[in-house]
Amino acid sequence: MRLLKTGILALFAGLFSGAVLAGEVTVAVASNFLPAMQEIGAQFRQESGHTLRIVNGSTGTLFAQISKGAPYDVFLSADTARVTMLAKAGKLLEGEGKPYALGSLVLYARDKGVLADGIQASLLRDDLRHFAMADPETAPYGLAASQVLETLELDVLVMQKAVIGANIGQTFGFVKTGNAELGFVALSQAMAVGGEWLDIPPDTYAPIVQGAGLLIHAKGNDAAREFYDYLSGDAARAVLVKSGYGVSE
């Protein structure tokens, strides 16, 4: 009987201990990374027992919210510039953040017949009514799209046929719903949904290095630190590669 009581007490102690240790992490995620984040988040929840809350938006919008004190623990930006600015403003818990993924831009269409032989030929089709791109001011993938257009000397098309999304998620939605026939989107989005796309030569836009930062709101939150470190682990990196991102060696 005594052994039974001891076992029951140990069981309750273990359960109680688990409840105390389980934490909560709020992650602000750039729109392009949402599908991969959902998969990484599910893995992290299962392995750690922590609760993960995901807030999604354009990098520029999330940056503005964090700058004004939004209670986020980890920021997954679509660039490194915003993370660096937060570090200089004293918004990071330590250091200057770290890169976690290398993104790629593609020209995406729902139907293969919309795409011609090459990026320029596709955009210069006479029957093309609209193409979509994200806002270059707030979305790094939109900035990359504008660099491609400038490199190819097609930037005048922005005034004529561009539909501008507030973020890369909305941009992808324009193509998916038929409001634009083509769109500059993240490779990860195209791979997640399917369809047709043309790879864009990487020398036509600056590398899209996506940066992560552990924010000052995470101070004392061990679960947030655990998730931040988890991003650099093998399990997360496997999801990144499968989702169309590059990873550092």
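By the 6.0 Å contact criterion, CD on Glu153 is open, its count of non-hydrogen atoms from other residues, nucleotides or ligands being 12 or less. The environment of Asp117 atom CG is sparse: at most 12 non-hydrogen atoms of other residues, nucleotides or ligands sit within 6.0 angstrom.
Cluster annotation: Leu107 is connected to Tyr141 through the hydrophobic network of ILVMFWY side chains, with a link wherever side-chain heavy atoms come within less than 4.5 Å. Linking Ile, Leu, Val, Met, Phe, Trp and Tyr whenever their side-chain heavy atoms come within less than 4.5 Å leaves Leu187 and Leu143 in two separate clusters. Linking Ile, Leu, Val, Met, Phe, Trp and Tyr residues whenever their side-chain heavy atoms come within less than 4.5 Å leaves Leu86 and Leu214 in two separate clusters. Cluster membership for Met37 and Val55, using ILVMFWY side-chain heavy atoms within less than 4.5 angstrom, is not shared.
The ring of Tyr100 has its center no closer than 6.0 angstrom to the ring center of Tyr245.
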Notebook entry, point to check: Going through the distances and angles, do Lys98 and Ser232 end up as a side-chain hydrogen bond (donor to acceptor under 3.5 Å, both in side chains)?
Noted result: CA-CA 9 Å; Lys98 63 180 180 182; Ser232 304; 2.7 Å; yes
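Using a cutoff of 4.0 Å between basic side-chain nitrogens and carboxylate oxygens, Arg110 and Glu181 are not scored as salt-bridged.
In this structure, Ser31 contributes its side chain and Gly57 its backbone to a donor-acceptor pair below 3.5 Å. In this structure, the side chain of Asn221 engages the main chain of Glu24 through a donor-acceptor pair within 3.5 Å. Judged purely by atom type and a 3.5 angstrom limit, Arg125 uses its side chain to pair as donor or acceptor with the backbone of Val114. Remark: side-chain polar atoms of Thr59 are paired, donor with acceptor, to backbone N or O of Ala78 under 3.5 angstrom.
Across all non-hydrogen atoms, the minimal contact from Asn179 to Val163 is O-CG2, 4.5 Å.
Between Leu215 and Leu92 there is a side-chain heavy-atom pair separated by less than 4.5 Å. Taking 4.5 Å as the limit, every side-chain heavy atom of Gln189 sits out of range of all side-chain heavy atoms of Tyr108.
Of the inter-residue distances, the one linking Glu196 atom CD with Leu182 atom CG reads 12.0 Å to the nearest 0.5 angstrom.
Classification of the Phe131-Phe184 ring pair by plane angle, with boundaries at 30° and 60°, yields perpendicular.
Asp229 meets the side-chain contact (heavy atoms from CB on, under 4.5 Å) test with Arg225; sequence neighbours excluded.
A donor-acceptor pair shorter than 3.5 Å can be found between the side chains of Tyr230 and Glu47.
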